[in-house]
Undergrad: 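Here it is, the structure, as structure tokens.
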Amino acid sequence: MKLNAAQQEAVDTLAGPLLVLAGAGTGKTRVVTHRIARLIQSGIRPNRILAVTFTNKAADEMLHRASAMLKKRRRERPEISTFHSLCVRILRRGISHLGYPAQFAICDRGDQESIARAALREIKAPNSALRPGELLYRISRWKTVCVSPTQAAATAATDKEHLASAAFRRYQAALRAAGAVDFDDLLLLTDELFRRFPDVHQDEADRFDHLLVDEYQDTNAVQYRIVKALAGGHRNLCVVGDDDQSIYGWRGAEVRHILRFKRDWPEAKIVRLETNYRSTREILDWANRLIAFNHLRHDKALHAAARGEPPRVLQLQTETDEAEAVVADIAARIATEKRRPRDFAILCRTNEQPRAFEAELRRAEVPYVLLGGMSFFDRKEVRDVLAYLKLLANPRDEVSLLRVVNTPPRGLGPALVRRLLEAAVREGKPLWELLPVADRHVALTPAARTGIGRLRELLGSLAHRARTEPPARLARELIAEVGYYDELVRQYPNPEEQQARWASVEEVVNAIGAYERRAKKPLLAGFLRDVALSGTDEDRQKESKLKRDAVVLMTLHAAKGLEFPEVYMVGMEEGLLPHHRAAGEGGAGIEEERRLCYVGVTRAQRRLTLSLALTRLKWGKPRPTHPSRFLYELAGQADNPAYAVAMRGGEPKATKSRRPGKTSRGKRGRETG
DNA sequence: GACTCGAGTCCCGCC
DNA sequence: GACTCGAGTC
């Protein structure tokens, strides 16, 4: 298929700043890949092109498509990576300027939580005053706008902010002490490196002549600065995005970067892609109507060619009924309309919603894949094993040490560990260095003394080998020496659970094996960094399992960038979409939820079904729900009195009449247009 | 120090 | 309903 005029223009504008405003389904990916190919055809060397995306999924996809277009085998390739991998590459060379070890570790979400918890304990914050999750959220917000702990403390107004800023200081100190960085630091430190060391900056900026940024509406303040720093010289910057699909405000993304592109790059050309090749006109009508309720946006509307049937709304009694109805619907279509399971996606707002659908899909024997959610790396046993491995790579990693120091039990209970930690703080030494002389600081029981001795001996000898030997064998030895299998048996009486958990442990070893086969010089540290950034091959294969013939179950956030012939958006209720937490953030929060809804609707190619349950289990009890305000906006029923009720979050509860499409209360619900 | 039990809370989305 | 936390017991 030929490119349309707007797409062609975006592909052909090779020099200077370019903003491609690409609505949903307008062929953005095609434009990006054609553009990369065109640059190379025009004589630009591939390795002078840098393309940055936000997710591994997007990077993999772009790389795949670009190499398919460049049929001739070439030695050189464009660099296509996520912001985070790009920063890791830059930091690996320059981070020592900032006082971090060149072999810095990257903390994942679990590590962050442990550090946050420890920081809160250190400042003796009452437990209820500030939870680790909220602290991390605040820290991340500060970091994305480059606020230091000192600045945070200076501007803190409420008690909570004071607590949080104090904990932020500890948190950052703990990271630094362990020679580790979190995800926000990757970006922040790169920015700092560029600012403080102009030669490092220049060196990096000189590597490329063309920079392409995908999903530009999702850039946060730091990413924005990195982009500017990299493209400021050659000014060949192409950014692609859609302000209506900005759904990452909660992690610092600022729509205004895309809205103000022309101000930053005055000579910029703007190309709008508004012809939608994905969805039917009926689906787009709903999408356009919905998004028009937002104020902060480039005014635009998508045009479609194809005709289809109007979207449907299914209303069920409970969330179990909802799952049953949706799965029955899918199963029927597969059976009678010759659809493939892979044609269907079920999109949810939260990670908890898929449970009911999983159970139902299994029962109906419909193949499915669950994307996102509880990752392999969130499992306790996986975290334990990884903590041991991290400790091998970096004995200063206190988070990991604390995690495994008494797993399996070695007579080092919480009280003893606390005293050891206090001693370490007094001495200004990492805990690891204190262990050999622990006796001098605290009274150890004989069991604790042997425990410490064995742990040190084991880790000490393996850590030495970890610097030169391939890691899979080391990991196997470590797990055996620690007696982790026995520990699983001890902890979980149920043999099935033991086996399941042991399988996860073996999975970690397999992942290391896969890494060994892939890496040029496989070392433990390299494996750990890979894992922190992008998960294992298993994880990535799960992405490619999108191609497997299975119904896809995932969150709306995870669905961005994908498309499916048939989409089911479930849980269309006030409190869920829009989420009740968003309502507290004022108008901007609701507008982001509306964009999220828009993203969901525009994933559908041929058929869209929205569903809701009249009651939903919350905190163990079924509670009445109210239809999402977005249903009324989508269906053009904003004059419905029930809409005003929805806008107030469903109050008063007594108003149970007039739901969109006025359905009967039949268990199977009823289709409406 | 390890385990059990009851009270209290309610972590949205992710690289 | 699921989970964490703290108090109480062996």
Undergrad: On DNA chain B, does the nearest nucleotide to A:Glu592 precede the nearest nucleotide to A:Asn406 from the 5' side, or the other way round? Give the residue.
TA: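 By nearest-heavy-atom nucleotide position, the 5'-most residue is A:Asn406.
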Undergrad: Looking at residues at least two apart in the chain, or sitting in another chain, which of them share a side chain to side chain donor-acceptor pair (under 3.5 Å) with A:Ser504?
TA: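 For A:Ser504, the residues satisfying side chain to side chain donor-acceptor pair (under 3.5 Å) (neighbours in sequence not counted) are A:Arg379, A:Glu381.
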Undergrad: Toward the 5' end of DNA chain B, which comes first, A:Leu533 or A:Glu593, by nearest nucleotide?
TA: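 Its nucleotide being nearer the 5' end, the pick is A:Glu593.
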Undergrad: The side chain of A:Arg251 is closest to which nucleotide in this list: B:dT9, B:dC15, B:dC12?
TA: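 It is B:dC15.
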Undergrad: When you measure from the side chain of A:His557, which nucleotide among B:dC15, B:dT9, B:dG13 comes out closest?
TA: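 So the side chain of A:His557 is nearest to B:dG13.
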Undergrad: Could you check whether atom CZ of A:Arg355 has more than 12 heavy atoms from other residues, nucleotides or ligands sitting under 6.0 Å from it?
TA: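 Incorrect, the count does not exceed 12.
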Undergrad: Taking OH from A:Tyr137 and P from B:dC11, how many angstroms apart are they, rounded to a whole number?
TA: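 About 14 Å, once rounded to whole Å.
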Undergrad: Do any N or O atoms of the protein come closer than 3.5 Å to N or O atoms of nucleotides 3-6 of chain B, and which pairs are they?
TA:
from: B:dC3; atom 1: OP1; to: A:Arg490; atom 2: NH1; distance (Å): 3.0

Undergrad: Choosing from B:dC11, B:dC14, B:dT9, which nucleotide comes nearest the side chain of A:Thr555?
TA: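 When the side chain of A:Thr555 is considered, B:dC14 is the closest of B:dC11, B:dC14, B:dT9.
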Undergrad: Taking only residues two or more places apart in sequence, or in another chain, which ones meet A:Glu591 in a salt bridge (Lys or Arg N to Asp or Glu O under 4.0 Å)?
TA: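 For A:Glu591, no residue satisfies salt bridge (Lys or Arg N to Asp or Glu O under 4.0 Å) once neighbours in sequence are set aside.
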Undergrad: Look at A:Ser85 and B:dC15 and indicate whether a side-chain polar atom (N or O) is within less than 4.0 Å of OP1 or OP2.
TA: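 Answer is no, no contact under 4.0 Å.
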Undergrad: Can you check the A:Lys621 NZ to C:dG1 P distance for me, whole Å?
TA: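 Going from A:Lys621 (NZ) to C:dG1 (P), I get 9 Å.
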Undergrad: Starting from P on B:dC15, measure out to CD1 on A:Ile247 and report it in whole angstrom.
TA: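 Rounded to whole Å, this separation is 11 Å.
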Undergrad: Quick one: A:Leu347 CG to B:dG13 C1', roughly how many Å, whole number?
TA: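 My rounded result for the distance is 14 Å.
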Undergrad: Holding to ring-ring contact (aromatic ring centres under 6.0 Å, His included), I want the full list of residues that pass it with A:Tyr484, two or more places apart in sequence or in another chain.
TA: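 For A:Tyr484, no residue satisfies ring-ring contact (aromatic ring centres under 6.0 Å, His included) once neighbours in sequence are set aside.
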Undergrad: In this structure, how many angstroms lie between the C1' atom of B:dC14 and the CD1 atom of A:Ile106, rounded?
TA: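 Roughly 15 Å, once rounded to whole Å.
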Undergrad: Under 6.0 Å between ring centres: does that hold for A:His84 and A:Phe54?
TA: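 No; A:Phe54 has its ring centre 6.0 Å or more from that of A:His84.
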Undergrad: Quick one: ring-ring contact (aromatic ring centres under 6.0 Å, His included) partners of A:Phe168, sequence neighbours excluded?
TA: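 A:Phe168 satisfies ring-ring contact (aromatic ring centres under 6.0 Å, His included) with A:Trp142 once adjacent residues are dropped.
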Undergrad: Kindly confirm whether the side-chain ring of A:Trp619 is stacked on the base of B:dC10, judged by centres under 5.5 Å and planes under 30°.
TA: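 Per 5.5 Å and 30° rule: yes, stacked.
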Undergrad: With sequence neighbours excluded, tell me which residues meet salt bridge (Lys or Arg N to Asp or Glu O under 4.0 Å) with A:Arg449.
TA: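 A:Arg449: salt bridge (Lys or Arg N to Asp or Glu O under 4.0 Å) contacts with A:Asp439.
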Undergrad: Which nucleotide in the set B:dC15, B:dC11, B:dG13 lies at the smallest distance from any side-chain heavy atom of A:Asn56?
TA: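 Minimum distance to the A:Asn56 side chain belongs to B:dC15.
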Undergrad: Quick one: A:Tyr598 OH to B:dG13 C1', roughly how many Å, whole number?
TA: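 Nearest whole value for this atom pair: 20 Å.
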Undergrad: What's touching nucleotides 8-10 of chain C from the protein side, N or O pairs under 3.5 Å?
TA:
none

Undergrad: When you check the phosphate oxygens OP1 and OP2 of B:dC14, does a side-chain N or O of A:Asn351 lie under 4.0 Å from one of them?
TA: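 Yes.
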Undergrad: Figure out the CD1/P separation between A:Ile139 and B:dC11, and round it to whole Å.
TA: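 Interatomic distance, CD1 of A:Ile139 to P of B:dC11: 19 Å.
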Undergrad: Taking only side-chain nitrogens and oxygens of A:Arg581, does any of them come within less than 4.0 Å of OP1 or OP2 of B:dC11?
TA: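 So the side chain of A:Arg581 is within the cut-off, an N or O lying under 4.0 Å from OP1 or OP2 of B:dC11.
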Undergrad: Can you tell me if A:His84 is stacked onto the base of B:dC15, using a 5.5 Å centroid cut-off and an angle below 30°?
TA: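 No, A:His84 does not stack on the base of B:dC15, since the centre distance and plane angle fail the 5.5 Å and 30° test.
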Undergrad: Which residues satisfy the ring-ring contact (aromatic ring centres under 6.0 Å, His included) test with A:Phe357, sequence neighbours excluded?
TA: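 In terms of ring-ring contact (aromatic ring centres under 6.0 Å, His included), with neighbours along the sequence ignored, A:Phe357 is linked to no residue.
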Undergrad: Less than 6.0 angstrom from the centroid, inside 45 degrees of the normal: does A:Arg529 satisfy that with respect to the ring of A:Phe104?
TA: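 Cation-pi check for A:Arg529 and A:Phe104: passes.
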Undergrad: Between C:dG1 atom C1' and A:Gln353 atom CD, what is the distance in whole Å?
TA: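 My rounded result for the distance is 16 Å.
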Undergrad: Can you check whether A:Trp250 stacks with the B:dG13 base, using ring centres under 5.5 Å and planes within 30°?
TA: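 A stacking contact exists, since A:Trp250 sits close and nearly parallel to the base ring of B:dG13.
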Undergrad: Taking salt bridge (Lys or Arg N to Asp or Glu O under 4.0 Å) as the definition, give me every residue that meets it alongside A:Arg363, ordered by chain and number, with sequence neighbours left out.
TA: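 Testing A:Arg363 for salt bridge (Lys or Arg N to Asp or Glu O under 4.0 Å), a comparison that skips the adjacent residues, returns A:Glu360.
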